[in-house]
Number of protein chains: 4
Amino acid sequence: MASRGVNKVILVGNLGTDPEVRYMPNGNAVANLSLATSESWKDQQGQVQERTEWHRLVMYKRLAEVAGEYLAKGSQIYVEGKLQTRKWQDQQGQERYSTEIVVDTMQMLGGKGEGSGNGTPRPSNPDARQQQTGVPQSRLNQRQPAPPMAEPDFDFDEDLPF
Amino acid sequence: MASRGVNKVILVGNLGTDPEVRYMPNGNAVANLSLATSESWKDQQGQVQERTEWHRLVMYKRLAEVAGEYLAKGSQIYVEGKLQTRKWQDQQGQERYSTEIVVDTMQMLGGKGEGSGNGTPRPSNPDARQQQTGVPQSRLNQRQPAPPMAEPDFDFDEDLPF
Amino acid sequence: MASRGVNKVILVGNLGTDPEVRYMPNGNAVANLSLATSESWKDQQGQVQERTEWHRLVMYKRLAEVAGEYLAKGSQIYVEGKLQTRKWQDQQGQERYSTEIVVDTMQMLGGKGEGSGNGTPRPSNPDARQQQTGVPQSRLNQRQPAPPMAEPDFDFDEDLPF
Amino acid sequence: MASRGVNKVILVGNLGTDPEVRYMPNGNAVANLSLATSESWKDQQGQVQERTEWHRLVMYKRLAEVAGEYLAKGSQIYVEGKLQTRKWQDQQGQERYSTEIVVDTMQMLGGKGEGSGNGTPRPSNPDARQQQTGVPQSRLNQRQPAPPMAEPDFDFDEDLPF
DNA sequence: TTTT
DNA sequence: TTTT
């Protein structure tokens, strides 16, 4: 690995849904997560304004499995990763672009509190390991047309660029 | 300003084109820039692979003016900002999404070298200040369908959330 | 403000003690905090090793007050800031150096759980506003000789370099 | 490797001296570098003020060798790493502390310009590989009492915590 | 579209 | 000690 440039994203936020984990034919896991960050400020009328930004996260391999086991809707996490924009075709055959954060570092935040996704694994989905097709319709998709899940087009084990 | 969460992007790369600067009705500047970051690695055949990622940057106000004066195609810069995904309609009336980095900090890098965009202002575009309508067709648009330029939907002077 | 360079620190950790807040003659607050980050790994005997790093944080003005009101020993926080090394004299008149993180952004993390320092202000110290001298002997100081608290040597209101 | 917390430093600056590289008994390289970041601002008299911060960097193994070959006094670099404070004894037997940035990512910046430390290796020091004892008296030491060079106290090859 |  |  070498690089000409820096491409780094740092986010702290809460998950909007449970992570979606599935397995590649070679057994590696891929997780998709939706993370909210929000900011609020006062406009000049003194009214508090709020804006929430939703981020698509992708995790691979062991990190994806950890996400599936320990994170849930509402979990607060810190992530580091890089920006990646993928091209895909919608149902009309139109080219579309989707920007994701490919996560390489993740920290669970918060205490042992309820819903904080910390400490104890959540019950695993018994169907997940078979779930190699059939992307589940997440709630997210009602908001933004769904790109297919991220599928690295290189040999998953050896060619990962990170 | 307050916030529940962290939304931070850090990039070092080179501009693919000159910045596009235009002015809002209230006189504030907005700049759009396209920044490349690339990474290379060896696949398992020992072949060097390279991938370039293109990032859309948006700058406002004084920072946009500095970009227009000092940066050019090829300039190497460091930027810090936040991710923002905007919704827009393409010509078929379809909803589309575009993810941009709203820059709040910029550093020009590199020495006195040619094209490094350092030190001396580049010749300003005499038409720029009148260019309040008519988004120029940038070369960028040949690759990815063009979202309209970023237009903050809040009062530009007072309501900026950053 | 301008700058030639980037000097940025990002930390997520827990406070080792309650923040120490005092007030400058001009009424501005200064807070000192001690933040732990830790990492663990397996050595080649398969033994888990752990290392904790302690960071000295300094906050000014409104941020210092917020720290004093909402943070406590054990609070988990995210901070962004810059490195600054100060020179001071120990009791033998020797020059010493202390490296601190001057914080400009802080986020409280974790839920409403006990000790998470979130949501409700902790009881304020009624003596704090008078506490312009007499730095309390924190537990920290038993570990590392105490530098004097950070005192900006510029006009506090106008000359802040950030 | 796991971790409870985040400990991240991001710097862009120029080297004050050539890197000092030496080799451990096991053949691994260690490099010490001194990096300047500076910021300037206007005080309330309208006078431009400038402050330079000096950072001690430590690199290990291949990264240390790259630094020794490609970087020189004046080189502009981007680095990512973590804060680490080491305890050492000065000549009076007093405990002292030195805070360093242990670098894990480095990018050379700037173009083909002179002194930019880019592209061509600088002439290597033929004595360096024998230089396992006898820390050279760098110019650095005139300003701040010299801690011994960083020596990881774990097995260098296997136990690195990063 | 950049850069090495 | 760097750099602009």
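Chain A is the first sequence line, chain B the second, and so forth, proteins listed ahead of strands; every chain is numbered from 1. Any value given below was found using the heavy atoms of this structure, including those in side chains, with hydrogens, waters and symmetry copies removed. Here the structure is a predicted model, which means the values were calculated and not measured.
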Out of [options], which nucleotide sits closest to the side chain of [X]?
X       : options             : result
B:Ser38 : F:dT3, F:dT1, E:dT3 : E:dT3
B:Asn14 : F:dT3, E:dT2, F:dT1 : E:dT2
B:Ala36 : E:dT2, F:dT1, F:dT3 : E:dT2
D:Lys73 : E:dT4, F:dT2, E:dT1 : F:dT2
C:Arg4  : E:dT3, F:dT4, E:dT1 : F:dT4

Q | Stepwise side-chain contact (heavy atoms from CB on, under 4.5 Å) test for A:Val6 and D:Tyr78 | A | CA-CA 9 Å; A:Val6 172; D:Tyr78 167 97; 3.4 Å; yes
In whole angstrom, what separates [X]'s [atom1] from [N]'s [atom2]?
X        : N     : atom1 : atom2 : result
D:Tyr78  : F:dT2 : OH    : P     : 25 Å
B:Leu109 : F:dT2 : CG    : C1'   : 15 Å
D:Gln107 : E:dT3 : CD    : C1'   : 11 Å
B:Trp54  : E:dT2 : CH2   : P     : 6 Å

Q. What do the steps show when you test A:Glu100 against A:Arg56 for salt bridge (charged side-chain N to carboxylate O under 4.0 Å, His left out), and what is the final call?
A. CA-CA 5 Å; A:Glu100 295 163 330; A:Arg56 279 179 194 281; 5.2 Å; no
(Q) With hydrogens left out and only the distance checked, is there a donor-acceptor pair under 3.5 Å joining D:Thr52's side chain and the base of F:dT2? (A) yes
Q) For B:Thr99, what residues pass the side-chain hydrogen bond (donor to acceptor under 3.5 Å, both in side chains) criterion, not counting sequence neighbours? A) B:Thr85
**Q.** Any residue meeting salt bridge (charged side-chain N to carboxylate O under 4.0 Å, His left out) with D:Glu80, in chain and number order, not counting sequence neighbours
**A.** A:Lys8, D:Lys8
